[in-house]
Amino acid sequence: MKLNLHALFALCATAVFSAQVWAWSPEIGEVPKEIQTYEYVDGTPIVWAALKGKPSIVYFGGDWCPPCAQTRPTIVKIAQTKADTINVVFVSSDDNKLRAKKIEEASAGGLRIAMPKLANHPTGAAVKGRGNMGEYGRIYVWPTAVLLDKEGRVVRKYERGTSILNSIEADASKLQ
């Protein structure tokens with residue numbers, strides 16, 4: 001049997017790429033682990049248990065990301081108009097040099113915004129598009145959103161701006 005190295009390489013590369021894009025924790029049906037590498041902009045930890053009781057959207061994005069700029073207004077609208085029925089947490093991969101801006105955004109818009117922990121990522125030290133969320137898992141695509149049910153279990157993961165724009169609001173509303 002003759003081994004075609006090009007075909008084998010393409011198959012392996014596809015498997016590795018696919019695994020990275022689609023097989024990231026937490027899985028559907030699981031309760032995510034805490035994002036210990038991030039904190040809310042006021043310095044408090046992100047605690048998933050505090051979100052239980054209503055559906056939640058965990059939105060991963062950054063000001064540096066053009067697709068995030070397109071989807072973020074939809075998530076902000078949900079956060080502001082459905083605050084009584086849906087939790088929204090913005091996980092910003094921006095550098096902490098933008099923390100003052102994010103504190104202002106959180107305060108003015110009534111938003112929960114998290115950024116890399118200052119103790120581990122001082123201003124100028126965070127890498128744009130940082131995807132390592134510690135025990136939570138990795139984010140491979142920006143923007144990404146994760147929909148949690150009232151018990152904090154993953155219902156759906158969105159890895160493209162269009163799926164966020166087209167589906168997330170209706171999907172979250174169904175869980176209320």
Side-chain angles (χ1 to χ4, degrees), residues 18 20-42 44-94 98 101-116 129-176:
S18 296
Q20 287 182 344
V21 172
W22 301 110
W24 52 274
S25 295
E27 295 298 331
I28 292 175
E30 293 180 347
V31 174
K33 294 184 178 173
E34 307 293 341
I35 302 176
Q36 297 173 333
T37 55
Y38 278 62
E39 64 191 1
Y40 288 115
V41 292
D42 67 2
T44 59
I46 303 167
V47 179
W48 298 134
L51 302 176
K52 284 187 178 179
K54 32 182 183 174
S56 300
I57 296 170
V58 183
Y59 176 81
F60 298 87
D63 287 3
W64 55 269
C65 164
C68 299
Q70 292 176 329
T71 57
R72 194 168 194 279
T74 297
I75 304 301
V76 168
K77 179 184 140 213
I78 294 168
Q80 292 175 335
T81 62
K82 300 192 178 225
D84 293 340
T85 56
I86 300 173
N87 294 310
V88 177
V89 176
F90 292 88
V91 181
S92 172
S93 67
D94 293 309
L98 296 179
K101 175 186 172 193
K102 295 296 178 184
I103 289 170
E104 187 178 310
E105 271 182 52
S107 178
L111 307 173
R112 291 181 178 123
I113 300 176
M115 294 187 77
R130 184 176 181 282
N132 181 0
M133 300 294 153
E135 289 185 24
Y136 176 88
R138 264 192 97 66
I139 302 301
Y140 292 97
V141 177
W142 303 95
T144 286
V146 178
L147 179 60
L148 307 174
D149 66 14
K150 294 176 183 182
E151 298 303 315
R153 291 181 302 260
V154 175
V155 174
R156 186 164 174 200
K157 301 186 282 188
Y158 308 80
E159 290 188 310
R160 298 283 182 258
T162 53
S163 69
I164 292 169
L165 291 173
N166 295 336
S167 306
I168 200 162
E169 187 170 7
D171 291 348
S173 294
K174 289 176 193 172
L175 296 175
Q176 297 175 10

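Only this structure's heavy atoms are used, side chains among them; waters, hydrogens and symmetry mates stay out.
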- Message: Any heavy-atom pair between the side chains of Leu148 and Pro55 that's under 4.5 Å?
- Response: no
- Ile78 vs Ile57 side-chain heavy atoms within contact, under 4.5 Å: yes
- Task: Take Asp63 and Leu98 through the side-chain contact (heavy atoms from CB on, under 4.5 Å) test and state the conclusion after the steps.
- Result: CA-CA 9 Å; Asp63 287 3; Leu98 296 179; 4.0 Å; yes
- Note on the structure: Nearest heavy-atom approach of Pro116 to Glu39 is O-OE2, 4.4 Å
- Message: Run the side chain to side chain donor-acceptor pair (under 3.5 Å) test on Thr85 and Gln176 for me, step by step, so that the C-alpha distance in whole Å, both residues' side-chain angles and the decisive distance to 0.1 Å come before the verdict.
- Response: CA-CA 7 Å; Thr85 56; Gln176 297 175 10; 3.3 Å; yes
- Note on the structure: d(Ser173 OG, Lys82 NZ) to nearest 0.5 Å is 3.0 Å
- Might you point out which heavy atoms bring Cys68 and Gly61 nearest each other, and give the distance in Å? SG-CA, 3.6 Å
- Item | Between CZ on residue Arg153 and CD on residue Glu27, distance to nearest 0.5 Å | 15.5 Å
- Rounded distance [0.5 Å steps], CD in Glu169 versus NZ in Lys174: 12.0 Å
- Do Trp64 and Asp94 touch side chain to side chain, with heavy atoms closer than 4.5 Å? yes
- Message: Taking side chain to side chain contact (heavy atoms under 4.5 Å, CB included) as the definition, give me every residue that meets it alongside Thr162, ordered by chain and number, with sequence neighbours left out.
- Response: Arg160, Asn166
- Query: Side-chain contact, heavy-atom cut-off 4.5 Å: Ser93 with Trp142?
  - Reply: yes
- Query: Measuring from Arg112:CZ to Leu51:CG, what's the distance to the nearest 0.5 Å?
  - Reply: 5.5 Å
- Task: If a pair satisfies side chain to side chain donor-acceptor pair (under 3.5 Å) and one of its residues is in residues 48-58, list it, with sequence neighbours excluded.
- Result: Ser56-Asn87
- Query: So, for Val47 and Glu34, which heavy atoms are closest and what is the spacing to 0.1 Å?
  - Reply: CA-OE1, 3.2 Å
- Assess whether side-chain contact (heavy atoms from CB on, under 4.5 Å) is satisfied between Tyr158 and Leu147, documenting all intermediate values. CA-CA 8 Å; Tyr158 308 80; Leu147 179 60; 3.7 Å; yes
- Query: Tyr40 versus Pro45: any side-chain heavy-atom pair under 4.5 Å?
  - Reply: no
- Return the minimal non-hydrogen interatomic distance between Gly152 and Pro32, and the atom names on each side. O-CD, 3.2 Å
- Flag the pair Ile103 / Asp42 as yes when at least one side-chain heavy-atom distance between them is below 4.5 Å, and no otherwise. no
- Item | Separation between CD1 of Ile86 and CD1 of Ile75, rounded to the nearest 0.5 Å | 9.5 Å
- Give a yes/no verdict on a cation-pi contact between Arg72 and Phe90, requiring under 6.0 Å between NZ or CZ and the six-membered ring centre and an angle within 45° of the axis. yes
- Query: Is it true that the side chains of Tyr59 and Thr71 contain a donor and an acceptor less than 3.5 Å apart?
  - Reply: yes
- Query: Does some side-chain heavy atom of Gln70 sit less than 4.5 Å from a side-chain heavy atom of Ile164?
  - Reply: no
- Query: Within the side chain of Gln80, is there an N or O that forms a donor-acceptor pair under 3.5 Å with the backbone of Lys77?
  - Reply: no
- Query: Looking at Tyr136 versus Phe60, is the centre-to-centre ring distance below 6.0 Å?
  - Reply: yes
- Are the side chain of Lys102 and the backbone N or O of Ser92 linked by a donor-acceptor pair below 3.5 Å? no
- Sole candidate of Ile139, Val58, Ile113 that passes side-chain contact (heavy atoms from CB on, under 4.5 Å) when paired with Val91: Val58
- Item | Met133 and Ser25, any side-chain heavy atoms less than 4.5 Å apart | no
